[in-house]
Number of protein chains: 2
Amino acid sequence: MTEAAPNPITTVMRALADPTRRAVFERVFESKEISVAELTRGSGVTQGAISQHLKSLKQAGLVAERAEGRNVYYRASPEGLEPLVTWMDHYGVFWRERFQNLRDLLKEIDP
Amino acid sequence: MTEAAPNPITTVMRALADPTRRAVFERVFESKEISVAELTRGSGVTQGAISQHLKSLKQAGLVAERAEGRNVYYRASPEGLEPLVTWMDHYGVFWRERFQNLRDLLKEIDP
DNA sequence: CCAATCAATTAGTATTTGCTAATGCATTAG
DNA sequence: CTAATGCATTAGCAAATACTAATTGATTGG
């Protein structure tokens, strides 16, 4: 009961604040699905560390997993970024700063 | 030279990951300008702590200061959020998720 | 002038964090 | 069956973090 659960924004921010963990998220995002072993390769840290980071990311709602045999495949859950989007939205930076891009984007998607 | 300066995204994320510090930023943002004493009031932490948080925020480019007499007034620098915007942009969450809003927004501004 | 106010900095401390190394538990290959 | 592989979890540790209390240096009100 002493554990006050931090709000989603804090959880997401904290999850992404660490460079190593953020790099893990990025790699997961880039690949449709990726195993822990694969993530460990070239990460510079041990498999245990990767598992810990994945746990944080999962708790933050940023990744999801699928177990298959002895492998566990992770994929990104971009919806997990929603708290961050909402927070920033509240501070109104997006639309104002990037306005010229909007038209192009719209044209591109629905010409 | 041993100090590897973390990239801007990390700096900004870290600055905003702490709830107290994020609350400070939010209050600074909401008021056009606000003094340290005022920020300390109702913050739940000491003036020293507030000063420390402001220092982090300043280093992250999220706030700027103006000294006047014995007061120092802080204001938000929303441009400091740019690294965050860029990072998220790269993951494409904004436009895709909020797509229906785009049309409305465009119409609203340039009917 | 001088007491009070404002803000930054510093030393010290408790907690949190990111990591490794080691273990354990499944699962699969041969 | 047995060895090897994949992954999670744990204990332990060093470093980072968020805080307080105290100090210092300005500035200003009376």
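Order of the sequence lines fixes the chain letters, A, B, ..., with proteins taken first and strands second; residue numbering starts at 1 for each chain.
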#### Entry: side-chain hydrogen bond (donor to acceptor under 3.5 Å, both in side chains) evaluation trace for B:Ser56 with B:Gln52
CA-CA 7 Å; B:Ser56 294; B:Gln52 288 165 17; over 6 Å; no
By side-chain contact (heavy atoms from CB on, under 4.5 Å), which residues pair with [X], not counting sequence neighbours?
| X | result |
| --- | --- |
| B:Lys58 | B:Val63, B:Glu65 |
| A:Ala64 | A:Arg75, A:Ser77 |
| B:Pro8 | B:Pro83 |

Roughly how many Å is it from [atom1] in [X] to [atom2] in [N], rounded to a whole number?
| X | N | atom1 | atom2 | result |
| --- | --- | --- | --- | --- |
| A:Ile50 | D:dT5 | CD1 | C1' | 17 Å |
| A:Tyr73 | D:dT5 | OH | C1' | 12 Å |
| B:Lys58 | C:dT9 | NZ | P | 7 Å |
| A:Glu33 | D:dG6 | CD | C1' | 15 Å |
| A:Lys55 | D:dT9 | NZ | C1' | 7 Å |
| B:Leu57 | C:dA8 | CG | C1' | 15 Å |
| A:Arg66 | D:dA8 | CZ | P | 14 Å |

Only pairs under 3.5 Å count here: list side-chain donor-acceptor contacts from residues 36-46 of chain B, not counting sequence neighbours, and write none if there are none.
{"unit_1": "B:Glu38", "atom_1": "OE1", "unit_2": "B:Arg41", "atom_2": "NE", "d": "3.3"}
{"unit_1": "B:Glu38", "atom_1": "OE1", "unit_2": "B:Arg41", "atom_2": "NH2", "d": "3.3"}
{"unit_1": "B:Thr40", "atom_1": "OG1", "unit_2": "B:Val36", "atom_2": "O", "d": "2.8"}
{"unit_1": "B:Ser43", "atom_1": "OG", "unit_2": "B:Thr40", "atom_2": "O", "d": "2.7"}
{"unit_1": "B:Ser43", "atom_1": "OG", "unit_2": "B:Val45", "atom_2": "N", "d": "3.2"}
{"unit_1": "B:Ser43", "atom_1": "OG", "unit_2": "B:Val45", "atom_2": "O", "d": "3.2"}
{"unit_1": "B:Thr46", "atom_1": "OG1", "unit_2": "B:Ala49", "atom_2": "N", "d": "3.4"}

### Task
For residues 45-54 of chain B, pull every pair meeting salt bridge (charged side-chain N to carboxylate O under 4.0 Å, His left out), keeping only residues two or more places apart or in separate chains.
none
### Message
Applying side-chain hydrogen bond (donor to acceptor under 3.5 Å, both in side chains), can you list everything that pairs with B:Glu26, at least two apart in sequence or on another chain?
### Response
A:Trp87
### side-chain hydrogen bond (donor to acceptor under 3.5 Å, both in side chains) partners of A:Gln59, counting only residues at least two apart
none
List, with names and distances, any nitrogen or oxygen atoms from the protein found under 3.5 Å away from nitrogen or oxygen atoms belonging to nucleotides 27-30 of chain D.
{"unit_1": "D:dT27", "atom_1": "O2", "unit_2": "B:Arg70", "atom_2": "NH1", "d": "3.4"}

### Query
If you look at every strand shown and take non-hydrogen atoms under 4.0 Å, does A:Tyr74 touch a base, only sugar-phosphate, or nothing?
sugar-phosphate
### Query
A:Glu68: what forms a salt bridge (charged side-chain N to carboxylate O under 4.0 Å, His left out) with it, not counting sequence neighbours?
A:Arg66
### Task
Report the secondary structure of DNA chain C in dot-bracket form, marking unpaired bases with a dot and bases paired to a different strand with |, and treating Watson-Crick or G-U pairs with both distances under 3.5 Å as paired.
||||||||||||||||||||||||||||||
Which donor-acceptor pairs under 3.5 Å do side chains of residues 10-18 of chain A form with protein atoms, sequence neighbours excluded?
{"unit_1": "A:Thr10", "atom_1": "OG1", "unit_2": "A:Asn7", "atom_2": "OD1", "d": "2.7"}
{"unit_1": "A:Thr10", "atom_1": "OG1", "unit_2": "B:Arg22", "atom_2": "NH2", "d": "2.7"}
{"unit_1": "A:Thr11", "atom_1": "OG1", "unit_2": "A:Asn7", "atom_2": "O", "d": "3.1"}
{"unit_1": "A:Asp18", "atom_1": "OD2", "unit_2": "A:Thr20", "atom_2": "N", "d": "3.3"}
{"unit_1": "A:Asp18", "atom_1": "OD2", "unit_2": "A:Arg21", "atom_2": "N", "d": "3.0"}

### Task
Summarise how protein sits on nucleotides 13-20 of chain D as a single string, 5' to 3': B when a protein heavy atom is under 4.0 Å from the base, S for sugar-phosphate-only contact, - for no contact.
----SSBB
### B:Asn71 side-chain N/O to C:dA7 phosphate OP1/OP2 under 4.0 Å
yes
### Task
Look at the side-chain heavy atoms of Ile, Leu, Val, Met, Phe, Trp and Tyr, link any pair under 4.5 Å apart, and say whether A:Tyr73 and A:Phe25 land in one connected group.
no
